[in-house]
K.L.:
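Can you read through this structure? Questions will come right after.
In the text below, chain A, chain B and the rest are named by the order of the sequence lines, each starting its count at 1.
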Amino acid sequence: MSILTFADWIGTAPSWIGNLPEWLQQLFFQLYQTFIYNDRWQLIVNGLKITFIVTLGALALGVVIGITIAIIRTTYETVSKTKSNFFLSVLNGFCQLYLTVIRGTPMMVQLLIMGFVIMVPKTDTGMIWCGILTLGINSGAYVAEIARSGIMSVSVGQTEAGRSLGLNYAQTMWYIVIPQAIKNILPALGNEMIILLKDTSLVSVIALRDVTKQMQNIVTKTYQAYVPYISLAVIYLVIVVILTKLLGLLEKRLRKSDR
Amino acid sequence: MIDNNAVIRVNDLHKSFGDNNVLNGIDIEINKGDVLVVVGPSGSGKSTFLRTLNLLEQPTAGNIYFNDVDITDKKVNINIHRQKMGMVFQQFNLFANMTVLKNMTLSPMKVLGISKEEAEKRAMELLDRVGLAEKADAYPSQLSGGQKQRVAIVRALCMQPEVMLFDEPTSALDPEMVGEVLDVMKDLAKEGMTMVIVTHEMGFAREVANRVVFIDEGIIMEEAAPEEFFGSPKSPRLKEFLSKVL
């Protein structure tokens, strides 16, 4: 496809644009190229869809992994006070290893390894799964610490009351501690979601066409970086601001039910 | 089999936290129907003693026999014995994420396997007895301290325990709410419930207990019936303690 030149465009543009200063005409030209020419806004919308799918998928996976690890580690800490348990020690060691490796290597490197060494996806869906898995496994390591602090924030008295009524450790965790812990960590989880949303921009390295990758593609077609990349930043910013507002509302609601 | 009446027999019980020896050899038998009040200065080990009885604290040494089973034995499943020992805490410890009714039915349903209808029926009867039937659907945060503690008592009763352990049940209450909780406990004692109570309420001890125990420095310094305990204390430590609290 041939490149749209400024001269071609100004001929078809509405006449009022011709009366504007030169730099504004250039700006409108770039905006037109980025969003309207060849229906490029559709690429951006498709990219946003991928961004959201990967964010939500990774968040769900991260929460499941994180809470599981938090339970294993707090259980290990409680049990190891009184007696040693081989199975738990092995599990706990495995969790430690996972946390160390995941938090000790860059997300970008993890994506490269997952995308080009371990999974090597060939299809679009395969690439989406690869993105979700990598980000989810990464996020799980951070959610684990959040969830652990959440579990520890539930007072010991709640556990003691449960145990004194004859509930076993697992029942006490499941019915009493974890529901309260999740409520306590919801704001921190929201924050993790915002971080994840921004981190999805890295999936472009495994050729997953998220909104960042789409903007890069547009730049390679228009040879103009200014408008696409600034717009990209604005898009992320707007989403994050909206999410932050929603989280604030959620937090307010939660605090109300405490009273 | 030594004494068929003894529900709990404690034999040379020791407990230390690191270098801190809290219990230094406690021996006592608690019989069916006993209302045993444990008093002592703060830090004397009386709460720790109570908490070892259902193994919320693991003893360092010694044995605790509950219905002639040594529950300090590692092979014993403590959950089974805890079902029969209700416990009431200073800080109430109602489950914050559940309504009053759910607080009371959770354990009977999950541990004893009673149906929801049956558990709720039993819970409502008990709530009615302590005058809190209309609070069944309230959350703990909506109750006053006295109401919370009354719920905590009937929550334990829902498991139909053989023994009730009270760990300073009125210490966290506003003064005007102490009475309502003590009244519930008095009724329980009248019904013949075996109770072990750690408390600072000397009037209650004198009126309701059949045995009073003075714990200091991790041992039982003195034990007597209430009249004798308060009327003619023997050890100088107890005399000194009573002169401060009465």
Side-chain angles (χ1 to χ4, degrees), chain A residues 67 70-71 74-89 147 149-187 189 250-259, chain B residues 17-18 47 50-51 53-60 72 74-75 77-98 102-113 139-142 148 151-152 155-161 163-167 172:
Chain A
I67 290 183
I71 293 172
T74 43
T75 306
Y76 173 76
E77 272 164 34
T78 324
V79 171
S80 64
K81 264 185 221 152
T82 51
K83 56 188 171 206
S84 60
N85 181 321
F86 176 73
F87 181 63
L88 261 179
S89 305
S149 74
I151 289 174
M152 288 193 298
S153 74
V154 179
S155 85
V156 195
Q158 297 282 311
T159 312
E160 288 184 345
R163 299 307 304 275
S164 79
L165 284 164
L167 296 166
N168 62 32
Y169 183 82
Q171 289 170 322
T172 308
M173 286 299 266
W174 183 251
Y175 293 111
I176 298 158
V177 177
I178 292 174
Q180 294 184 52
I182 287 180
K183 192 178 145 187
N184 290 347
I185 63 171
L186 271 181
L189 276 185
L250 179 73
E251 240 174 287
K252 222 183 244 171
R253 285 266 310 263
L254 286 178
R255 237 177 290 144
K256 219 175 256 169
S257 71
D258 275 343
R259 250 175 260 145
Chain B
F17 296 98
S47 277
L50 192 78
R51 289 161 57 82
L53 290 183
N54 67 353
L55 296 198
L56 281 185
E57 301 292 352
Q58 199 75 33
T60 317
T72 57
K74 292 263 185 285
K75 279 175 244 135
N77 180 359
I78 185 61
N79 295 326
I80 291 169
H81 300 282
R82 281 185 180 143
Q83 295 165 22
K84 297 172 197 148
M85 290 192 199
M87 181 141 187
V88 175
F89 301 85
Q90 184 178 352
Q91 298 299 336
F92 328 123
N93 294 343
L94 294 182
F95 306 137
N97 56 328
M98 298 176 196
K102 282 222 67 177
N103 259 279
M104 296 176 68
T105 54
L106 176 72
S107 192
M109 282 162 60
K110 302 297 170 196
V111 178
L112 303 179
Y139 280 87
S141 58
Q142 299 164 315
K148 280 183 202 170
V151 170
R155 177 177 69 177
L157 290 178
C158 277
M159 295 295 286
Q160 301 185 314
V163 181
M164 284 285 284
L165 311 175
F166 294 83
D167 187 5

K.L.:
How many angstroms lie between atom CD of Q171(A) and atom CG of L106(B), to the nearest 0.5 angstrom?
P.N.:
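Here the interatomic distance stands at 8.0 Å.
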
K.L.:
For a side-chain contact (heavy atoms from CB on, under 4.5 Å) check, start with the C-alpha distance between M98(B) and I176(A), then their side-chain angles and the critical distance, and finish with the verdict.
P.N.:
CA-CA 8 Å; M98(B) 298 176 196; I176(A) 298 158; 4.0 Å; yes

K.L.:
Which answer fits N54(B), side chain, backbone, both or neither, if we ask what part of it has an atom under 4.5 Å from a heavy atom of chain A?
P.N.:
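Side chain only.
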
K.L.:
Closer than 3.5 angstrom, by distance alone: can the side chain of N97(B) be matched with the main-chain N or O of Y175(A) as a donor-acceptor pair?
P.N.:
yes

K.L.:
Side chain, backbone, both or neither: which part of R51(B) has a non-hydrogen atom closer than 4.5 Å to chain A?
P.N.:
side chain

K.L.:
Relative to chain A, which segment of M85(B) carries a heavy atom at a distance below 4.5 Å: side chain, backbone, both, or neither?
P.N.:
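Only the backbone of M85(B) comes within 4.5 Å of chain A.
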
K.L.:
Between H81(B), K102(B), R155(B), who has the most heavy-atom pairs with chain A when the cutoff is under 4.5 Å?
P.N.:
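It is R155(B).
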
K.L.:
Would you give the length of the straight line joining atom CG of N168(A) to atom NZ of K110(B), rounded to the nearest 0.5 angstrom?
P.N.:
12.0 Å

K.L.:
Does CZ in F17(B) sit with more than 12 non-hydrogen atoms of other residues, nucleotides or ligands closer than 6.0 Å?
P.N.:
yes

K.L.:
Might you point out which heavy atoms bring V111(B) and L165(A) nearest each other, and give the distance in Å?
P.N.:
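It is CG2-O, 4.3 Å.
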
K.L.:
So how far is it from N79(B) CG to S164(A) OG, rounded to the nearest 0.5 Å?
P.N.:
11.0 Å

K.L.:
Taking all non-hydrogen atoms of both residues, which atom of A161(A) and which atom of F95(B) are closest, and how far apart?
P.N.:
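Heavy atoms only, the tightest pair is CB-CE2, 3.8 Å.
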
K.L.:
Is it the side chain or the backbone of E160(A) that comes within 4.5 Å of chain B heavy atoms, both, or neither?
P.N.:
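Both backbone and side chain of E160(A) come within 4.5 Å of chain B.
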
K.L.:
Count the heavy-atom pairs under 4.5 Å between each of P179(A), G157(A), S155(A) and chain B, then report the option with the highest count.
P.N.:
G157(A)

K.L.:
Check whether L94(B) gets within reach of chain A through its side chain, its backbone, both or neither, counting any heavy atom under 4.5 Å.
P.N.:
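The backbone, not the side chain.
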
